[in-house]
There are 2 protein chains.
Amino acid sequence: MPKKVPSVKRRKESLSRERVIEVSIELLDSSGESGLTFRALSERLVTGPGAIYWHIDSKSELLTAACDSIVARTMNAPTASGTPEAIIRSLALGLYDAIDTHPWVGSTLTRAPGQLPIVRILERIGQQVCALGVPDEEQWTTVSALLNYIIGVAGQNADNTQFARTHNLDRASFLETVSTVWSELDPVEYPFARSVASQLPSHDDRADFIAGIDLILRGVAGAGER
Amino acid sequence: MPKKVPSVKRRKESLSRERVIEVSIELLDSSGESGLTFRALSERLVTGPGAIYWHIDSKSELLTAACDSIVARTMNAPTASGTPEAIIRSLALGLYDAIDTHPWVGSTLTRAPGQLPIVRILERIGQQVCALGVPDEEQWTTVSALLNYIIGVAGQNADNTQFARTHNLDRASFLETVSTVWSELDPVEYPFARSVASQLPSHDDRADFIAGIDLILRGVAGAGER
DNA sequence: ACCTGAACACCGTTCAAGT
DNA sequence: ACCTGAACACCGTTCAAGT
């Protein structure tokens, strides 16, 4: 008869905070923000909801942790070396692409002011803004302008994707829809919206995003020259 | 949503889409985003949830409508007359203040890309950007940079307020907390965050916000000179 | 046309009880 | 220390039935 060998080691797959976060990311990626529920999570992890609460505090903490996991690997990825401007562009684009593949990161970022994921971004950009030679008293303004712009785009993009998903549209036909609605607005009250409506479906979101970054960077440079 | 305007005159106190939105705003203002539920709404309106669904399509549509009501009155408020720059600043500040008094507007704005509240803002800013003499092909970039920045700040502010409310803190002690956390970060990995931590509690959010707007406007001006 | 309210199909979170 | 799973206190939404 086999003796009872007291195994210190539990099954390889025993629950851990890391595992909870990992499976949460899978769930979020595959079924969007509404796909992350404690019931779906329990099922995938083959446990009860109580077990999950042993490793995390709440759903919102879990969401932030999952978000931070993506942001951390994005901000630690090697950037193009070059001028501070080039590095800032590279960081911003990396973030843009990460949010493009994980739309839920965009909405989560919006809801985590002052928390770890945001601090990571702030830090990386902040260092480059310093390297740019921006005077001390303008650093915060510059960094927070860049950060808020990025968060704004992130949020809008995330919700565009989310909306398209909910209504079973691809991104192209979603933009087509918005374009049509805008072009039917009152000509007297909404001349500008109507005039840009037509270029909406064909525009390149990613290029627009980086053009905005460049615009802000130009403002920073302009300040130094006065 | 009602299909047609009812032919007979309604009783003053009868339910209407406007009344539903009005009470929703009261609820959102007094108890935050989590305060708006169909049960609370039914109670205040002295009806059942079914009655509410006769006038609105869903909770998200209701939220957008409530948001639009605030945004509309803000964007239609008289602005300082003067240069296009001055008007843009005035519009932005009006929005900032509206979100300060109705934090839920900030988060709702983030979740309504391409929808009416956003279009109103886009339109007002767009007209001034045109007046600024920005060439056609740069108008969209300029307007969306401003818009995304505003939305980014709006979202962060809304969530700061929301967080403070949940944890029963005032804004000052909330910033104090964030400041402390940042100042205790690893000095090697987070030099920038640490360096700005101390100025966090004393800074003027509203002034920072407008400084960001000015930064972007400077970038726009800079583009014209090249 | 408009309203009622019970019922449905979910949520996040807790907790006594187990190992 | 870690896990179980039933139970709790909610949600948004629907719908047969009423006026």
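The chains referred to below are lettered A, B, ... by the order of the sequence lines, with proteins before strands, and numbering in each begins at 1. Note that the structure is predicted; figures quoted are calculated from it, not measured.
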Kindly assign one of parallel, tilted or perpendicular to the pair A:H203 and B:W140, based on the angle between their ring planes and the thresholds 30° and 60°. perpendicular

Between [X] ([atom1]) and [N] ([atom2]), how many Å, whole number?
| X | N | atom1 | atom2 | answer |
| --- | --- | --- | --- | --- |
| B:H55 | C:dC2 | NE2 | P | 7 Å |
| B:L45 | C:dG5 | CG | C1' | 15 Å |
| B:I52 | C:dG5 | CD1 | C1' | 12 Å |

Tell me, with the steps shown, if A:F209 and A:Y96 meet ring-ring contact (aromatic ring centres under 6.0 Å, His included). CA-CA 8 Å; A:F209 169 69; A:Y96 183 92; 5.0 Å; yes

Please map the stems of DNA chain D, keeping only stretches of three or more Watson-Crick or G-U wobble pairs with both distances under 3.5 angstrom. C:4-8 with D:12-16, C:12-16 with D:4-8

To the nearest 0.5 Å, atom CD of B:E33 lies from atom OG1 of B:T37 at 13.0 Å

Apply side chain to side chain donor-acceptor pair (under 3.5 Å) to residues A:T161 and A:R165 and explain how you reach the verdict. CA-CA 6 Å; A:T161 311; A:R165 183 205 288 266; over 6 Å; no

Between D:dC2 and C:dA17, how far apart are the P atoms? Round to whole Å, please. 22 Å

Taking D:dA16 as the reference, what is the distance to C:dC3 when you measure between their C1' atoms (whole Å, please)? 13 Å

Do you see a donor-acceptor pair shorter than 3.5 Å between the side chains of A:Q162 and A:T166? yes

Ignoring backbone atoms, test whether B:W54 places a side-chain nitrogen or oxygen under 4.0 Å from the OP1 or OP2 oxygen of C:dC3. no

Does this structure show an ion pair linking A:D205 with A:R171, if we count only N-O contacts that are shorter than 4.0 Å? yes

Going through the checks in order, is the side chain to side chain contact (heavy atoms under 4.5 Å, CB included) test met by A:D186 and A:R194? CA-CA 8 Å; A:D186 184 302; A:R194 283 174 58 102; over 6 Å; no

Looking only at heavy atoms, which two atoms of A:G212 and B:A145 are closest? And how far apart? CA-CB, 4.3 Å

In the 5'-to-3' direction, what one-character label does each nucleotide of nucleotides 6-17 of chain D receive under the scheme B = base within less than 4.0 Å of a protein heavy atom, S = sugar-phosphate only, - = no such atom? B----BBBBB--

